[in-house]
Amino acid sequence: MTVRTYVRLFVAGFRRQSTYRLAAFGGLVANATFGLLKVALLFAAVRTSGGELAGYDVAMMSSYIWISQGLLGSINLSGRTDIADRIRTGDVAVDFLRPVDVHLASVATEVGRSVFALIPRGLPSVAIGAVVVGMAVPDHASAYVLGAVSLFLAIVVSATTVYLVGAAGFWLVETRGVAILYMVVSGFLAGLFVPIGLFPGWLHAVATATPFPSMMMYPVDILSGRVEGLASLGIVGLQLFWVGTTVAAGQLATRSGRRRLEVQGG
Amino acid sequence: MVDLTPYRAVLASRVRAQRTYRANFLLDLSSSLLVGLVELAEVWVVFRSVDSLGGLDLAAVVLVFGLADLSFSLADLAFGHCDTLPTYLRAGTLDVFYLRPQPLLLQLITSDISLRRLARAAVGVAALVAGLAMNDVPWSAGAVALLVLAVVSGIATFAAMFVWAAGAQFYLVDGAEATNAFVYGGRYAASQPASVWSRPLVVVFGFFFPMAFTAYLPVVTLLGLPGPDWMPDGLGWCAPLAAIWAWALALTTWRTGVRHYQGGGG
């Protein structure tokens, strides 16, 4: 019975997002513009290094750019969520009265919203990349299946991690500062502007010790065929580890936060 | 002569308000500092892996970044609040602004002065100073004049971008992200070597939204670097013309937008 509830919430999130068509169009314009700027800079970087830079040739760089741009609508890199607002205003007290798990319900809705965003923002971005610049693709069909799994896990990790920012509000009330911090760090370490393969060793180590590459870099690596075979299974395993860790942390934070909950105003 | 007393009173109250919540203000300041540092790191990661890109080496791009970031953050300090216009439009609270005896645009600008953005300007200043020290700048009265001209025109150009975006919001409302592509995409473009751009990017960010004039072209003129093909010698001196064009575009869009607005129906 309970699983069906969360599936329904997932579908509700999906349908809610489908009503904001103009917003989706605006997002697509932003994706394409930033994508073309990244193409100009990173292609030039690959070409001046003699056609290969840190394992990236032009086609693979193109895949990285357009798949990661396409993911932007589905990955929460702003740190802002509905649940954060509800915790700040105290509305979450009403959510606790409902016969669902506040944490899982919030994550299910966010994941539904994010999966929908793949249609108006993800697919067109990849199409622009494939038509205008050309892209590298994996050699084996199995990589697409694994890539789809990895993509879904990326969306889930994003939702469960950003939930923790909102949950910090049980103690801090105002989480805007934390959200800005999250916004700055998550995009950079997820590999939004530069693939983390180009980072110097120490910075690469810092990035891989966080859940952020699981949100963008890893599925992109699998879908572009940069990482193949056993290594790609390892990546999915790492994503599963981060899903487990962040879900556990979210459950813990929600339970102890509930005891600290202050309802604002009356 | 216009009486500026009411504006001064409003601005002073904004400054006092932000300094009241000391902890939050300090967190805001450090987040903004981090935003600037991460943006510099994005540029650094790319340029450290190549000798030079589009005619710029690491030293020269630090100078470009410093100029662009200083101008952008100072424009953002005063005009960044224009970004919240869609929120006012959706909630219908913009109508309140019409009841006050001050011009709409000036009210929007003075409704928030984000002092935290000074921290970002500090990163810009540091990068600018470092850039000037790292490069072999042919110091003369002309060089100083070129730099001052670039900063002043750069601030004006970025400020115009915010006003243009606000004007377009009257039509877009939910599609606000479309303008972000050019305002924040413009900031991203401004710190890149424009010589690597494709023709459409040159049209959009070189001339229509004159981002190349805010930092890249003045630096090319200052250091006597080989510029892109489409650049006549000394184009860096034309930054004020670019600023005037940007403001013409901004004010036209703003006036059309305000005329289009029909009220929130409150």
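A, B, ... follow the sequence lines: proteins, then strands. Residue 1 opens every chain.
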Item to check | N31(A) and T33(A): side chain donor to acceptor below 3.5 Å | outcome: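 There is no such pair (donor and acceptor under 3.5 Å, judged by atom type) between the side chains of N31(A) and T33(A).
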Part of [X] within contact of chain B (heavy atom distance under 4.5 Å):
{"X": "V39(A)", "value": "neither"}
{"X": "L28(A)", "value": "neither"}
{"X": "F25(A)", "value": "neither"}

Checklist entry - Who passes salt bridge (charged side-chain N to carboxylate O under 4.0 Å, His left out) against R121(A), sequence neighbours left out? => result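 E177(B).
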Checklist entry - Using a cut-off of under 4.5 Å for heavy-atom pairs, which of T48(A), I180(A), L41(A) has the most such pairs with chain B? => result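 Sorted descending by pairs with chain B, the first entry is L41(A).
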Item to check | Top of A54(A), A32(A), A44(A), S49(A) for chain B proximity - count of heavy-atom pairs under 4.5 angstrom | outcome: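 So the answer, after comparing A54(A), A32(A), A44(A), S49(A), is A44(A).
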Checklist entry - In terms of heavy-atom pairs under 4.5 Å with chain A, which of P200(B), S30(B), G54(B), S49(B) leads? => result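 Most pairs with chain A among the choices: S49(B).
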Checklist entry - Picking from L37(B), N180(B), V46(B), which has the most non-hydrogen pairs under 4.5 angstrom with chain A? => result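 Greatest number of close heavy-atom pairs with chain A: V46(B).
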Item to check | ring-ring contact (aromatic ring centres under 6.0 Å, His included) involving Y182(A) - partner list, sequence neighbours excluded | outcome: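 With sequence neighbours excluded, Y182(A) shows a ring-ring contact (aromatic ring centres under 6.0 Å, His included) to F212(A), given in chain and number order.
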Checklist entry - Quick check: does any side chain N or O of D69(B) sit under 3.5 Å from a backbone N or O of F65(B), one acting as donor and the other as acceptor? => result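 Such a contact is absent between D69(B) side chain and F65(B) backbone.
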Checklist entry - Among residues 188-196 of chain B, which ones touch chain A with a heavy-atom distance under 4.5 Å? => result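 Hits under 4.5 Å: Y188(B), A189(B), Q192(B), P193(B), V196(B).
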Checklist entry - Counting only heavy atoms not in R86(A), do more than 12 fall under 6.0 Å of its CZ? => result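 Check passes, neighbour count above 12.
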Item to check | Residues, nucleotides or ligands: over 12 heavy atoms within 6.0 Å of F43(A) CZ | outcome: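 Result for CZ/F43(A): enclosed.
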Item to check | Gap between atom CG of L118(B) and atom CG of L33(B) - 0.5 Å precision | outcome: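 Going from the CG atom of L33(B) to the CG atom of L118(B) covers 11.5 Å.
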Item to check | Test log, rule side-chain hydrogen bond (donor to acceptor under 3.5 Å, both in side chains), inputs N76(A) and S78(A) | outcome: CA-CA 6 Å; N76(A) 187 332; S78(A) 71; 3.1 Å; yes
Taking only distance into account, with no hydrogens and no angle test, what donor-acceptor pairs under 3.5 Å do side-chain atoms of residues 157-172 of chain B form with protein atoms, sequence neighbours excluded?
from    : atom 1 : to      : atom 2 : distance (Å)
T157(B) : OG1    : S153(B) : O      : 2.7
Q169(B) : NE2    : A165(B) : O      : 3.4
Q169(B) : NE2    : T179(B) : OG1    : 3.0

Item to check | Heavy-atom contact with chain A under 4.5 Å, split by part of L201(B) | outcome: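 Looking at L201(B), just its side chain touches chain A.
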Checklist entry - Which pair of heavy atoms, one from A117(A) and one from P120(A), lies closest together, and at what distance? => result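 So the minimum-distance heavy-atom pair works out to O-CD, 3.4 Å.
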